[in-house]
Visitor: 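My questions will all concern the structure given below.
Below, all heavy atoms of this structure are taken into account, side chains as well, without hydrogens, waters or symmetry copies. Residue numbers run from 1 in the order of the sequence given.
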Amino acid sequence: RAVWHPEESDVFFRRVPVFYVRDVEGARPERAVSSNDLISVPDDFDPCGRFLLYSLESGNDVDLWVLELESGVERPWLDEPYPERDGKFSPNGGWVAYGSTESGSSEIHVRSFPTGDERFVISGGGGRTPIWRHDGSELFYYSTDSEITAVPVTWTDGRPVFGRPASLFRVILRSGDHSFDVFPDGERFLLNRIVTETDERSLVFVHGWQRELESR
């Protein structure tokens, strides 16, 4: 699992049991940036590149933690009695979309950052893998009906107002988080699909083809 730093100069990734960072030009050796020895998955950076949001698994629970790069301090952001995972910062950095099973099934929530005192439930029939459009005008997620779903977003004084979810298209993705991404323009998607159809081709050997040509 890899996450780009907003400056696109470094990639952060998990190599059990800690996070590592590697610069894309290879001028510096990779180094560990986390000391947490539990199962953790990097999710996203805030737009300024100060905070790395990641999902920390402990037994049957999953919580959202924050790693502050400058100080190296790691702390829980959402530590509740039900799993929260796959957090994504809004383009203005003031909100985080994530998946939560608070209702008994996975739904998409949006919460203010860093306080967490304001919250919206976005999906109504199940969803995972939230992703913001680059300009913040839409929030996408993968529904339990195997549909890429879009939610229109308008902003007032940095606060989001969410419209009704609408299905864009149906596609079978691999299980787990991080199964799709959206281009900055919001018009194209990168999909980690499960391909069921096969390309059946036969390899045919022709014996005595020279005699066939001579007979013509």
Side-chain angles (χ1 to χ4, degrees), residues 1-102 106 108-120 122 128-136 139 141 153 155 157-160 176-178 181-182 184:
R1 300 291 179 85
V3 175
W4 286 97
H5 189 274
E7 295 178 355
E8 299 183 355
S9 57
D10 297 297
V11 174
F12 289 71
F13 59 94
R14 179 172 67 93
R15 177 186 294 147
V16 178
V18 297
F19 290 142
Y20 281 78
V21 58
R22 186 186 184 103
D23 74 289
V24 295
E25 295 183 351
R28 303 184 306 274
E30 63 185 36
R31 60 181 176 85
V33 292
S34 171
S35 59
N36 208 315
D37 59 356
L38 296 175
I39 298 175
S40 49
V41 177
D43 289 330
D44 197 19
F45 269 103
D46 75 297
C48 296
R50 293 179 53 200
F51 303 108
L52 174 61
L53 190 66
Y54 65 95
S55 303
L56 183 71
E57 299 183 21
S58 177
N60 294 324
D61 193 21
V62 184
D63 297 308
L64 287 174
W65 281 54
V66 168
L67 167 64
E68 187 173 355
L69 291 187
E70 185 174 344
S71 64
V73 173
E74 299 169 272
R75 64 178 185 273
W77 180 61
L78 285 183
D79 184 4
E80 298 178 337
Y82 34 80
E84 312 92 19
R85 67 176 77 227
D86 200 21
K88 296 294 190 301
F89 281 101
S90 63
N92 67 4
W95 301 82
V96 172
Y98 62 96
S100 172
T101 60
E102 178 180 359
S106 179
I108 303 301
H109 296 235
V110 172
R111 207 157 187 158
S112 57
F113 183 87
T115 61
D117 53 358
E118 284 192 85
R119 183 181 60 171
F120 301 91
I122 305 303
R128 62 178 174 90
T129 315
I131 298 176
W132 297 89
R133 183 166 168 155
H134 187 69
D135 61 3
L139 178 65
Y141 65 89
V153 186
W155 297 85
D157 297 326
R159 190 174 185 273
D177 302 320
H178 301 264
D181 204 350
V182 61

Visitor: Under 3.5 Å, side chain of Asp46 to main-chain N/O of Phe51, donor-acceptor pair present?
Guide: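 Yes, because the side chain of Asp46 sits within donor-acceptor range (under 3.5 Å) of the backbone of Phe51.
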Visitor: Can a salt bridge be assigned to the pair Asp181 and Lys88 using a cut-off of 4.0 Å between side-chain N and carboxylate O?
Guide: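 Judged by the 4.0 Å cut-off on N to carboxylate O distance, Asp181 and Lys88 do not form a salt bridge.
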Visitor: Please work out which of the three classes, parallel, tilted or perpendicular, describes the rings of Phe113 and Trp77, given edges at 30° and 60°.
Guide: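 Taking Phe113 first and then Trp77, their aromatic rings sit tilted (interplane angle of 30° to 60°).
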Visitor: Just wondering, do Trp132 and Leu139 contact through their side chains at under 4.5 Å, heavy atoms?
Guide: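 Yes, side chains in contact.
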Visitor: Do Asp10 and Arg28 pass the salt bridge (charged side-chain N to carboxylate O under 4.0 Å, His left out) test, and can you show the C-alpha distance, the side-chain angles, and the key distance before you say yes or no?
Guide: CA-CA 10 Å; Asp10 297 297; Arg28 303 184 306 274; 2.9 Å; yes
Visitor: Just wondering, do Glu102 and Arg119 contact through their side chains at under 4.5 Å, heavy atoms?
Guide: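 They are in side-chain contact.
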Visitor: Do Pro6 and Phe89 make a side-chain contact, defined as non-hydrogen atoms from C-beta onward lying under 4.5 Å apart?
Guide: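 They are not in side-chain contact.
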Visitor: Heavy-atom distance under 4.5 Å between the side chains of Glu118 and Arg159, does that happen here?
Guide: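 Glu118 reaches Arg159 side chain to side chain.
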Visitor: Please report the shortest heavy-atom distance between Trp155 and Ser90, naming the atom on each side.
Guide: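 Nearest heavy atoms, Trp155 then Ser90: CH2-CB, 4.0 Å.
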Visitor: Could you tell me if the ring centre of Phe12 sits under 6.0 Å from that of Phe45?
Guide: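 Yes, ring centres under 6.0 Å apart.
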Visitor: Here's a test for you: under side-chain contact (heavy atoms from CB on, under 4.5 Å), which of Arg111, Arg128, Arg85 qualifies with Tyr98?
Guide: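 Going through Arg111, Arg128, Arg85 one by one, the side-chain contact (heavy atoms from CB on, under 4.5 Å) with Tyr98 is satisfied by Arg111 alone.
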Visitor: Can you give me the closest heavy-atom contact between Val96 and Gly87, atom names plus distance?
Guide: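 Shortest heavy-atom separation between Val96 and Gly87 comes out as CG1-CA, 4.0 Å.
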Visitor: Enter the distance from His109:NE2 to Thr101:OG1 here, rounded to the nearest 0.5 Å.
Guide: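 Here the interatomic distance stands at 8.5 Å.
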Visitor: Considering all heavy atoms of both residues, which atom of Ala97 and which atom of Val110 are nearest to each other, and what is their separation?
Guide: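 The pair with the smallest heavy-atom distance is CB-CG2, 3.9 Å.
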Visitor: Side chains of Asp117 and Ser112, heavy atoms from C-beta outward: is any pair under 4.5 Å?
Guide: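 Contact flag for Asp117/Ser112 side chains = yes.
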Visitor: Heavy atoms only: give me the nearest Gly158-Asn92 pair and the separation to one decimal.
Guide: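 Closest pair (atom of Gly158, atom of Asn92, distance): O-ND2, 3.5 Å.
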Visitor: Would you tell me whether Asp86 and Ser55 have side-chain atoms, one donor and one acceptor, within less than 3.5 Å of each other?
Guide: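 Not at all, the side chains of Asp86 and Ser55 share no donor-acceptor pair under 3.5 Å.
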Visitor: Taking side-chain contact (heavy atoms from CB on, under 4.5 Å) as the test, write out the residues that go with Val41, two or more places apart.
Guide: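 Val41 satisfies side-chain contact (heavy atoms from CB on, under 4.5 Å) with Arg1, Arg14, Asp43, His178 only.
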Visitor: Indicate yes or no: at least one non-hydrogen side-chain atom of Ser9 is less than 4.5 angstrom from one of Asp23.
Guide: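 Not touching, per the 4.5 Å side-chain cut-off.
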Visitor: Please output the side-chain donor-acceptor pairs of residues 57-73 that fall under 3.5 Å, not counting sequence neighbours, one pair per line with the distance.
Guide:
unit_1	atom_1	unit_2	atom_2	d
Asp63	OD1	Glu80	N	3.4
Ser71	OG	Val73	N	3.3

Visitor: On the 0 to 90° scale, with breaks at 30° and 60°, tag the Phe19-Tyr54 ring pair as parallel, tilted or perpendicular.
Guide: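 The arrangement is perpendicular - the two ring planes meet at more than 60°.
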